Amino acid sequence: MTDTAPPSPASPLDGLRFAFGTLTVLPVRVTRWDRAAARGGMLCAPVAGLVVGLCAAALGGVLSLLGGGPLLAAIGSAVVPAVLTRGLHLDGLADTADGLGSAKPAEEALRIMKRSDIGPFGVITLLFALLAQVAALSGLYAAGWAAGAVGAVVAAVTARGALTLASRAGVPAARPEGLGAVVAGTVPVPAAVGCAALVAAGCAAFGSGAGGPYGALHAGLAALSGLAAGELLLRHCRRRFGGVTGDVFGALAESAGLTALVLLALG
């Protein structure tokens, strides 16, 4: 007789493995590839972002201590997330820009996004996104290593918090295959909202270490603004593509993180 028992619930460790195994290049083996593990993984996404952000801040700090100056420290902090994600989020940003910029119907736009090459919209979007990242980080490092570290961490955590929100129930996948199909709709709405609140609170706590109460308020508002920017892009992609894909997730992460970073630099 065929065993039709439902899969066992995923453990917190399964969720952490899924988050680090899919969102970073760190040597973490994904032991479960199902929606239960995906739910835990997307709830743990900001934890992966925290590790990425701390690594970025560490390299920026080392370069600053060695006399590299704010610009070199900023470049180092911008390189780390790209390396630790194999550039997948940046690639997703470029592909999503090509799909949205094509002004084609959803099915054809999704085909454009799936191509291995990058079109003009993707190139321009990548160029300005990376320039904005480095410029914002450079301005923060010019104010001191602590300010640059806060920027690197808040941007990385906010970026992954946007992924948790995008994985909430009611957000469909645009394709029946790929990472988007695995994680889409897996996180209950209350859990996604609670995770977003924790992201903002965690960023505020980190900001308070460098700037006191004002730093806490500034970092918390920057995180909330980044999550809001990701939500706006998510809604637009749902209208254009009918749902989310792995590329859309990458675009959401980059957009949310960059928004938070720029607002920190403006402050």
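From a predicted model like this one, the values you see are computed outputs, not experimental measurements.
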Taking ring pair (Phe, Tyr, Trp, His ring centres under 6.0 Å) as the cut-off, I'd like each qualifying pair that reaches into residues 154-205, sequence neighbours left out, listed once. none

Could you measure the distance from the CD1 atom of Ile124 to the CD1 atom of Ile118? Nearest 0.5 Å is fine. 12.5 Å

Using side-chain contact (heavy atoms from CB on, under 4.5 Å) as the criterion, list what pairs up with Leu71, not counting sequence neighbours. Ile75, Val134, Ser138

Evaluate the side-chain proximity of Leu140 to Val150: yes if any heavy-atom separation is below 4.5 Å, no if none is. no

Taking only residues two or more places apart in sequence or in another chain, which ones pass side-chain contact (heavy atoms from CB on, under 4.5 Å) with Pro188? Arg39, Pro190, Ala191

Any salt bridge (charged side-chain N to carboxylate O under 4.0 Å, His left out) pairs touching residues 9-25, not counting sequence neighbours? Asp14-Arg32

Which donor-acceptor pairs under 3.5 Å do the side chains of residues 167-184 make with protein atoms, sequence neighbours left out?
| residue | atom | partner | partner atom | Å |
| --- | --- | --- | --- | --- |
| Ser167 | OG | Leu163 | O | 2.8 |
| Arg168 | NH1 | Leu165 | O | 2.8 |
| Arg168 | NH1 | Glu231 | OE1 | 3.2 |
| Arg168 | NH2 | Glu231 | OE2 | 2.6 |
| Arg175 | NH2 | Leu110 | O | 2.8 |
| Glu177 | OE2 | Lys114 | NZ | 3.4 |

For Leu59, which residues count as a side-chain contact (heavy atoms from CB on, under 4.5 Å) partner, sequence neighbours excluded? Leu63, Val80

Any side-chain to backbone donor/acceptor pair from Thr158 onto Ala155? Under 3.5 Å, distance only. no

Residue pairs meeting side chain to side chain donor-acceptor pair (under 3.5 Å), one or both in residues 214-228, sequence neighbours left out, come to none

Going from CG on Asp91 to OG1 on Thr96, what distance comes out if it is rounded to the nearest 0.5 angstrom? 9.0 Å

Any Cys55 side-chain heavy atom under 4.5 Å of Leu84 side chain: yes

How many angstroms lie between CG in Asp98 and CE in Met113, if you round to the nearest 0.5 Å? 9.0 Å

Is there a side-chain contact between Leu72 and Leu66 (heavy atoms, below 4.5 Å)? no

For residues 203-210, please give each side-chain donor-acceptor pair under 3.5 Å, one per line with the distance, not counting sequence neighbours.
| residue | atom | partner | partner atom | Å |
| --- | --- | --- | --- | --- |
| Ser208 | OG | Ala205 | O | 2.6 |

Applying side-chain contact (heavy atoms from CB on, under 4.5 Å) to Arg29 and not counting sequence neighbours gives Thr31

Interatomic distance, CG@Leu100 vs CG@Leu233, rounded to 0.5 Å, equals 7.0 Å

Do Val62 and Leu65 have side chains that get closer than 4.5 Å, going by heavy atoms? no

Going by ring-ring contact (aromatic ring centres under 6.0 Å, His included), name the residues that satisfy it together with Phe18, two or more places apart in sequence or in a different chain. Trp33

Within this structure, what is the NE2-CG distance for the pair His89 and Leu23, rounded to the nearest 0.5 Å? 5.5 Å

List, one per line, each side-chain donor-acceptor pair under 3.5 Å for residues 251-267, sequence neighbours excluded.
| residue | atom | partner | partner atom | Å |
| --- | --- | --- | --- | --- |
| Glu254 | OE1 | Gln133 | NE2 | 3.1 |
| Ser255 | OG | Ala251 | O | 2.8 |
| Thr259 | OG1 | Ser255 | O | 2.8 |

Once side chain to side chain donor-acceptor pair (under 3.5 Å) is applied, what residue pairs with a partner in residues 60-79 remain, sequence neighbours excluded? Ser77-Tyr141

Close side-chain approach of Arg111 to Ser102, heavy-atom, < 4.5 Å: no

